Amino acid sequence: MYDFTIVGGGIVGLSTAYSLVQRYPNSKILVLEKEGSWAAHQTGNNSGVIHSGIYYKPGSYKAEFTKAGKKELIEFCEKHEVNHEVCGKVIVATKKEEIPHLDKLYEQGKVNGLDINLLSAEELKEVEPFANGEKAIYVREAGIVNYKDVCKKIVSLLEIQSHTLKLNSKVINIVENDDLVTIETNNESFQSKFLINCAGLYSDHVASQVIDRVKELKIIPFRGEYYKIKDEKKHIVNNLIYPIPNPSFPFMGVHFTRMIDGGVEVGPNAVLSLRREGYHKTSFQWKEFFESVSYPGLWKLGSKYWKEGTKEMYRSYSKRAFIKDAQRLIPVIQREDLEPAPSGVRAQALLKDGRLLDDFYFINGKNSVHVCNAPSPAATASLSIGKAIVDKIEESFAKVIV
C-alpha cells in the first residue's frame, strides 16, 4: 500500500513526487514510468529553455506557475549543482507592423512582474549582433538547462529517501474506489491511497479509465522539428532569439536557442504527428492516427488555422522554406549552415469545439488528480505545478493525508 502513486516519469511527475516528499516526509511514494528511462518524451526532447512567463495571460496558471517555478527551478539547480545558465533572450519585431504586438507583449510582461526592457534596433545589435529587428524586448530572466539532468537529480533524491521508482511499468488498468486506487501495470499491481496522473501524451487515456469528464478533451500530438547550426556558425547566436508570436496562430514560431551543451538549435515548426510519440515524419500508428482525425475538435481547429497549418506542413518538407523563415530573424543564416536535429512532440489538449486549451488543466477524481494539459512551459513551471497538485490534495482530499 502506497500513500501516493504517480503515473509518468517526466519532469512534472517527478517534481510532484519531490513536492510530496517536502510536504509529507513520512509518506510512501511510488512513481511508475512505462519507458526504460526517465524523461523519455516531452521532457527529454524539448528546447531546454527556462521560460520567463512573458507570453501568458496575467493571472493564468501558466503565468503564475512559470514565474514561481522559474525561481524554484533555478534555486534547485544551484543547490544541487545542475548545470544551467540565466542568459536572457530577445523577442524581436522584424518589421514595423509587428511593433504594436511587441508593445502589447511588453506591457503584459510588466503586468506579470518581469524584469524586461525595450531595445531599439541599435541596442538589439549590441546584444545579438546578427539579429534583424526594428525593436525588441530584452528578457533578463530567461535561461537554459538540460531538463533530463534536473530529472536525474530528482530521481536520486527520491531514491535516497527510499521511495519506489519503477521503469518499464506501463499502466494498463486503474480501478478507483472510495478508499483506495488499484493500479495494474504490465508487470504487477499496486494499491494506493491516492493517484496522480502525469502521463503527458497519454494523460487523457489514463484519466479516461476513471473519469467521464475527460471526454470533453483529447490530447493531440504536434511534432516540432528542429535544425542545428553547424559548429563553425554557432557564433551568430549569443543566447536566445525569438520572433513576435503570430497573434492568429497558437504556436511560437521558429526561433534560435543556445543549448546548455553549447549547441544552437533553430525551430520548431508545428505539424500534426501521426502518432503520439511520433518523432519522425514516417512515424505512424493507425489507431492513434484514427483517434486524432476522427475527433471533431481537430477538424474545427483545422478549419480555423488551415492557412497557417499549410505553411507549417510546407516548411516541414522544404528546408528552403524553413531557412526563409529563420532568415527573418538572422539574415546571414544559409541552407548549408544547418543540419537536422531531433524533434519533439507536444501534448496539446484540444476541446471538441476546436479550441486549444491555453492553460494547464487539472481534473479531480475520487482519490486522484489528473494533469490533462501541461505543454510548454510545464518544464519550467514543474516544481510549482507539483506544489499546486499537493495543495489540491490538501484542500480536497484530506482523508488521504498521511
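Because the structure is predicted, anything quoted here is derived from the model rather than measured.
Of the possible donor and acceptor atoms, none in the side chain of Q191 sits under 3.5 Å from a partner among the backbone N and O of L180. No donor-acceptor pair under 3.5 Å is formed between the side chain of K300 and the backbone N or O of R355. Put simply, the side chain of S273 gets close to the backbone of G278: a donor and an acceptor are under 3.5 Å apart. Although no hydrogens or angles enter the test, the distance criterion places no donor-acceptor pair under 3.5 Å between the side chain of E128 and the main chain of V237. Using a distance-only test at 3.5 Å, with no hydrogens or angles considered, no donor-acceptor pair links the side chain of Y227 to the main chain of G267. Although no hydrogens or angles enter the test, the distance criterion places no donor-acceptor pair under 3.5 Å between the side chain of S27 and the main chain of I29. Within the 3.5 Å criterion, the main-chain N or O of K218 finds no donor-acceptor partner in the side chain of D204. Not one N or O on the side chain of N373 forms a donor-acceptor pair closer than 3.5 Å with the backbone of D358.
In this structure, I229 and L338 have side chains that are in contact, with non-hydrogen atoms separated by less than 4.5 Å. Side-chain contact check for W38 versus L167: some heavy-atom pair is nearer than 4.5 Å. No side-chain heavy atom of D325 sits under 4.5 Å from any side-chain heavy atom of N269. In this structure, the side chains of R258 and N238 stay at 4.5 Å or more apart for every pair of heavy atoms. In this structure, F256 and V266 have side chains that are in contact, with non-hydrogen atoms separated by less than 4.5 Å. Looking at C151 and T43, their side chains come closer than 4.5 Å, going by heavy atoms from C-beta outward. With contacts defined as side-chain heavy-atom distances shorter than 4.5 Å, the pair K166/L30 qualifies. Within the 4.5 Å cutoff, the side chain of L195 has no heavy atoms near those of the F190 side chain.
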Original post:
Where do H370 and V214 land on the side chain to side chain contact (heavy atoms under 4.5 Å, CB included) test, with the steps shown first?
Top reply: CA-CA 9 Å; H370 303 263; V214 80; over 6 Å; no
Original post:
Hey, mind stepping through E288 and Y202 against side chain to side chain contact (heavy atoms under 4.5 Å, CB included) and telling me if it holds?
Top reply: CA-CA 11 Å; E288 293 181 355; Y202 291 95; 2.6 Å; yes
Subject >> Worked verdict on K366 versus D178 for side chain to side chain contact (heavy atoms under 4.5 Å, CB included) >> reply: CA-CA 7 Å; K366 289 180 182 178; D178 290 336; 3.8 Å; yes
Subject >> Criterion side chain to side chain contact (heavy atoms under 4.5 Å, CB included) on S376 and N46, from CA distance to verdict >> reply: CA-CA 9 Å; S376 178; N46 68 19; over 6 Å; no
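Contact check on E312 versus R315 returns a salt bridge, with a Lys/Arg side-chain nitrogen under 4.0 Å from an Asp/Glu carboxylate oxygen. Taking the charged nitrogens against the carboxylate oxygens, D3 and K28 have no contact shorter than 4.0 Å, which rules out a salt bridge. Under a 4.0 Å N-O distance rule, the pair K71/E75 qualifies as a salt bridge.
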Report, one line per pair, each donor and acceptor closer than 3.5 Å where one atom sits in a side chain of residues 130-141; sequence neighbours left out.
| from | atom 1 | to | atom 2 | distance (Å) |
| --- | --- | --- | --- | --- |
| N132 | ND2 | R328 | O | 3.1 |
| E134 | OE1 | K96 | NZ | 3.4 |
| K135 | NZ | D103 | OD1 | 2.9 |
| R140 | NH1 | D115 | OD1 | 3.3 |
| R140 | NH1 | N117 | OD1 | 2.7 |
| R140 | NH2 | N117 | OD1 | 2.8 |
| E141 | OE1 | K70 | NZ | 2.5 |
| E141 | OE2 | D115 | N | 2.4 |

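By the 30° and 60° cut-offs, the orientation of the rings of F4 relative to F194 is perpendicular. Taking the six-membered ring where tryptophan is involved, the planes of F284 and W286 are tilted, since the angle between them lies from 30° to 60°.
The CG atom of N367 sits 8.5 Å away from atom CG of N177, with the distance rounded to the nearest 0.5 Å.
A donor-acceptor contact under 3.5 angstrom links the side chains of Y147 and T380, judged on distance only. Between the side chains of Y279 and H41, at least one donor-acceptor pair of N or O atoms lies under 3.5 Å.
Remark: K89 is positioned above the aromatic ring of Y242, its terminal NZ or CZ atom under 6.0 angstrom from the ring centre and at most 45 degrees off the axis.
Tested against E277 for a salt bridge (Lys or Arg N to Asp or Glu O under 4.0 Å), the candidates R223, K34, R346 yield a single pass: K34.
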